[in-house]
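Values below: all heavy atoms of this structure, side chains included; hydrogens, waters and symmetry mates excluded. Just so it is clear: chains get the letters A, B, ... in the order the sequence lines come, proteins before strands, and each one is counted from 1.
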Amino acid sequence: MPELPEVETIKNELVPHVVGRRISGVTLSWEGILKEPNAQEFDSRIAGQEVTGIGRRGKYLIFSLGSGELLIVHLKMSGSLLLGWDSSSPPRFTRAVIHLDNGRHIFFRDPRKFGRMRLLKDSTSIIGRLGPEPLEAGFTPELLARLLSKRKAPIKAVLIDQNFIAGLGNMYADEALFAAGIHPLRPAASLTRREAWRLHRAIKQVLSSAIGDKGASVTTYFRPGGEPGKAQFQFRVAHRRGENCPVCGTSLERITIRGRGSYFCPRCQPEP
DNA sequence: ACCACAACCTGGCCGC
DNA sequence: TGCGGCCAGGTTGTGG
């Protein structure tokens, strides 16, 4: 599932192949992948544009175009962007193909059809509400502690709220809570100052380490060249129900919080 | 402002 | 071999 480390990796690995190229056209194999504008207008506005840069905000990928417009892509749960030379044999579940002027193509593959792309003149409506970027300097322990003190919901639910912090998803929230020794059902405001600081450190560590491993290939995530990431091998609790805790040996548990599977160690992360 | 939940989607896996 | 049920979970919209 693409969270911040996966989207960051995709961005980094697309840049050398895509920035400076022109988009000769886009083929929609499934029109629902385009959120706005309509297909006809999209085609006329994007054809011939140079990609001048690729950025990331939270889990959004942002392609800057020569006209100043932005192509904003969200991969949701099962999307990937794969580079290839042969558009006559796209990967299975390809929903759109972005054709580049050097004969290369970006295949937007997405089995579950949750992913979307849109063409906008201005990104503020999309990313303006997002919380702070957890790997940037503005995300300080003091800021995290202050934000947490205002929220009564379970800390797990708060961490995956994109308006609270941008980019953290289900897997890395579980990993950060384990690293900080905090039970996922603890009310956010109940964290002590010391716990908030531990959590701040854990979030940064877990995300940076996963970027170093080029993301986690738990189910459908692949890098643009088709290779998997390696971060899943570093997971200590996520998707490991029934396995033994790497710290204390206790059997790891899974509970559902806000409809999301939450994995934790009942001993290292004591009940609220 | 905060909180909670349903809906959107479909493939892969497991047990029977 | 087939089939039903579970699991994966980011965002949006709705309502309290």
Side-chain angles (χ1 to χ4, degrees), chain A residues 1-8 10 28-36 56-62 72-81 91-96 108-118 120 123-131 133-134 146-177 184-191 207 210 215-222 228-229 231-232 235 237-243 252-264 272:
Chain A
M1 270 63 65
E3 302 181 24
L4 187 154
E6 289 73 30
V7 180
E8 179 71 15
I10 292 166
L28 301 177
S29 335
W30 177 65
E31 281 207 9
I33 199 161
L34 183 60
K35 192 151 190 174
E36 61 180 309
R56 178 193 60 75
R57 176 80 168 90
K59 302 169 191 169
Y60 290 92
L61 265 177
I62 304 169
I72 300 188
V73 173
H74 200 300
L75 299 169
K76 294 284 180 83
M77 268 108 70
S78 64
S80 44
L81 297 179
R92 200 181 169 199
F93 310 122
T94 292
R95 309 301 183 192
F108 191 160
R109 176 184 190 270
D110 185 18
R112 292 180 66 180
K113 296 182 170 176
F114 275 40
R116 294 289 184 271
M117 60 183 179
R118 58 177 104 193
L120 292 173
S123 67
T124 55
S125 64
I126 305 302
I127 64 173
R129 301 188 312 272
L130 294 178
E133 282 290 325
R146 183 156 50 82
L147 293 174
L148 287 172
S149 70
K150 291 186 272 192
R151 305 287 294 261
K152 299 221 180 308
I155 180 65
K156 170 63 183 293
V158 171
L159 287 182
I160 63 178
D161 176 355
Q162 300 303 293
N163 301 330
F164 184 82
I165 299 176
L168 212 53
N170 202 45
M171 300 182 301
Y172 295 108
D174 281 353
E175 289 298 309
L177 286 171
L185 284 175
R186 289 272 304 280
S190 77
L191 268 63
L207 293 176
S217 292
V218 171
T219 50
T220 52
Y221 164 74
F222 293 98
Q232 71 277 16
F235 283 174
V237 292
H239 300 280
R240 297 191 183 277
R241 170 167 51 174
E243 294 183 35
L252 299 174
E253 294 183 6
R254 176 188 183 274
I255 57 175
T256 300
I257 302 175
R258 291 283 218 285
R260 303 289 174 263
S262 295
Y263 298 84
F264 67 103

Using atom [atom1] of [X] as one end and atom [atom2] of [N] as the other, report the distance to the nearest whole Å.
X	N	atom1	atom2	value
A:Asp161	B:dA4	CG	C1'	12 Å
A:Glu31	B:dC9	CD	C1'	18 Å
A:Ile155	B:dC3	CD1	C1'	15 Å
A:Arg241	C:dC7	CZ	C1'	9 Å
A:Arg112	B:dC8	CZ	P	13 Å
A:Asp110	B:dG11	CG	C1'	12 Å
A:Asn163	B:dC3	CG	P	12 Å
A:Arg116	B:dC9	CZ	C1'	9 Å

Side chain of A:Glu3, backbone of A:Lys59: donor and acceptor closer than 3.5 Å?
no

Would you check if the side chain of A:Ser78 reaches a backbone N or O of A:Arg112 as a donor-acceptor pair within less than 3.5 Å?
yes

Ignoring the backbone of [X], work out which of [options] is nearest its side chain.
X	options	value
A:Arg151	B:dT10, B:dC2, B:dC3	B:dC3
A:Ala153	B:dC9, B:dC3, C:dC7	B:dC3
A:Pro154	B:dC2, B:dG12, B:dA4	B:dA4

More than 12 heavy atoms of other residues, nucleotides or ligands under 6.0 Å from CD of A:Glu31: yes or no?
no

Quick check for you: to the nearest 0.5 Å, what is the distance between A:Ile160 atom CD1 and A:Ile165 atom CD1?
11.5 Å

Nucleotide-resolved protein contact map, nucleotides 10-16 of chain C, B/S/- at heavy-atom distance under 4.0 Å:
BBS----

Contact class for A:Arg95 vs. all strands (heavy atom < 4.0 Å): base, sugar-phosphate, or nothing?
nothing

Is there a side-chain polar atom (N or O) of A:Arg258 under 4.0 Å from OP1 or OP2 of B:dC5?
no

Does a side chain donor of either A:Glu6 or A:Tyr172 reach within less than 3.5 Å of an acceptor in the other side chain?
yes

So, are A:Arg151 and A:Asp161 salt-bridged, with charged N and O less than 4.0 Å apart?
yes

Residue pair A:Met117, A:Lys35: steps toward the side-chain contact (heavy atoms from CB on, under 4.5 Å) verdict:
CA-CA 6 Å; A:Met117 60 183 179; A:Lys35 192 151 190 174; over 6 Å; no

Pick the C1' atom in B:dC9 and in C:dC7, then give their distance to the nearest Å.
14 Å

